[in-house]
Protein chains: 2
Amino acid sequence: MASTAADTVKKTGYHHGSLREALIDAAHELVSVSGTDGFTMADACRAAGVSTAAPYRHFSDREDLINALASKGFTILSERTQTALDAHPLGSTEAIIAMGQAYVQFAIDESALFRIMFGRPGHTHDGPVDSECFGILLKAVENFLSVHPALKQPVMSVAVPLWTIVHGAASLLIDQNFAVMAPDTDVDALVAETTQRFLTGVLAEAGQS
Amino acid sequence: MASTAADTVKKTGYHHGSLREALIDAAHELVSVSGTDGFTMADACRAAGVSTAAPYRHFSDREDLINALASKGFTILSERTQTALDAHPLGSTEAIIAMGQAYVQFAIDESALFRIMFGRPGHTHDGPVDSECFGILLKAVENFLSVHPALKQPVMSVAVPLWTIVHGAASLLIDQNFAVMAPDTDVDALVAETTQRFLTGVLAEAGQS
DNA sequence: CTTGAATGTTAGCATCACTTACATATGTTA
DNA sequence: TAACATATGTAAGTGATGCTAACATTCAAG
């Protein structure tokens, strides 16, 4: 975690100064420790040192605060995947794999955030931040396809499966389903091998190697 | 849903007769309608026509009831995947794909159940039912591998990626992430194509076609 | 300096999960 | 059948929760 609730500008007297951010940071910490459901408004208020009514000046309700947290998560995830991409040649298989591994690593490091971002059916995505996140994947796939001119597949027909693979790996891992059913799973290797095999299959469709 | 809370043996006088099952069915319905979190003990009690203290004669707490629901889910999922497998030749690629599609279809039909089964980090799996569920996949992969003798891969190195693919597809779909980012996604085709490409990649490793 | 908007507080509501003490039914044994 | 232990229900209460309403304080613009 980059910042903590304690880091956030302290309350001085009657007014807090930056309650909104302090509450988001507090929620982030609480959620990281106690899980997505283990977070209560009251706890966040105690952490920020304000009364239990104060948050409602900044957030319409509990879900509104959680949505703000989700946006923060998408911003972090975008940074992480972009950084991973930039470390490898444009359009290379390694770049695609590294991006996928960064996605999974984010899910590990920020599992509560990850669940909040992707695991709430009714979540109203606020466009910009998460579209940008998906856009990074699309761009990467476009670059991959342009390196292999024989491939005629639409970008989405490659991007969506890739997302599916890494999201499945991340979800199964952080919800401890591997721990129960396949405890020896090395998730980095899983992502690398599965992505590699998938891309091999894609190239095979075009008669490439 | 096969049964409803209303179906369950009615309460006659002081004693209910089958409160445990009635509560599980009620929870199943509530969760299907209002989502995993939208379920309260109080609602389940109202549906079953008992006081709010009654459930605690049958379940230690709320989570215990939810665990019972999860077990029910694993039983249903096992039936579904086994049925899908049985409809295709032993060890065929079609069988593997059909099983994956059945997994995703279950997630669609019983999304709340699916989340309860796989989406709770602290969930204490009760062995039998969910191990059996995973065992069906393992058996299917064993059959696939024995049809392709050149393949030397361990069962798990094929089974885990397959699980990853279908779980990713199911999760992204039911949590409406496709609806936001990739609205045109046909999840049956996604599973079929991705599985096919992955298996092509696996076969390529052994120099097969 | 005044005044209005922003941001905080206190007190309270309805609901929730869960507990305790008590009531009723069931079934086994005499 | 009578008596009793056990299983299963109820009523009432506890502390916590999300959220609201009414009121208090501070800030910032004229």
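Chain letters run A, B, ... following the sequence lines, proteins first, then strands; residues in each count from 1. If you're wondering where the values come from, they're calculated on a predicted model, not measured in any experiment. Because only heavy atoms are used, hydrogens play no part in the values below, and waters and symmetry mates are left out as well, while side chains stay in.
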Between B:R20 and A:R62, name the one whose nearest nucleotide on DNA chain D is closer to the 5' end. B:R20

Considering only D:dT17, D:dA11, C:dT9, which nucleotide approaches the side chain of A:T40 most closely? D:dT17

Whole angstroms only, please: what is the CG-C1' distance between B:D64 and C:dC18? 14 Å

Contact nearer the 5' end of DNA chain D, comparing B:L19 with B:T52: B:L19

Nearest whole angstrom, please: distance from the C1' of C:dT15 to the CG of A:D61. 16 Å

Tell me if the centroids of the rings in A:F134 and A:F74 come within less than 6.0 Å of each other. no

In whole Å, I'd like the distance from the CD1 atom of B:I66 to the P atom of C:dA17. 9 Å

Residues B:R120 and A:N177: side-chain donor-acceptor under 3.5 angstrom: no

Under 4.0 Å between a side-chain N or O of B:S51 and OP1 or OP2 of D:dA11? no

Can you confirm whether or not the ring centre of B:H167 sits under 6.0 Å from the ring centre of A:F178? no

Taking only the side-chain heavy atoms of B:Y56 (C-beta and beyond), determine which of D:dA11, C:dC18, D:dG18 contains the nearest atom. C:dC18

Which listed nucleotide (D:dT17, C:dA17, C:dT9) is nearest to the side chain of A:A42? D:dT17

B:M41 CE to C:dT19 C1': how many Å, rounded? 15 Å

Strictly below 4.0 Å, N to O, side chains only: are B:D25 and B:R20 in salt-bridge contact? no

To the side chain of A:D43, which of D:dC19, D:dT10, D:dT17 is closest? D:dT17

Just to confirm, is there a sub-4.0 Å distance from OP1 or OP2 of C:dC16 to any side-chain nitrogen or oxygen of B:R46? yes

Just checking, is any N or O donor in the side chain of A:T83 or A:D86 under 3.5 Å from an acceptor N or O on the other one? no

What is the distance, to the nearest angstrom, from the CG atom on A:D37 to the P atom on D:dT17? 14 Å

Let me know the distance between CG of A:L65 and P of D:dC19, rounded to the nearest Å. 10 Å

Look at the side chain of B:A54 and decide which nucleotide, out of D:dC19, D:dT10, C:dT10, has an atom nearest to it. D:dT10

Atom CG of B:L30 and atom C1' of C:dT15 are separated, to the nearest Å, by 15 Å

Among the nucleotides C:dT7, C:dA17, D:dA11, whichever has the atom closest to the side chain of A:H58 is C:dT7

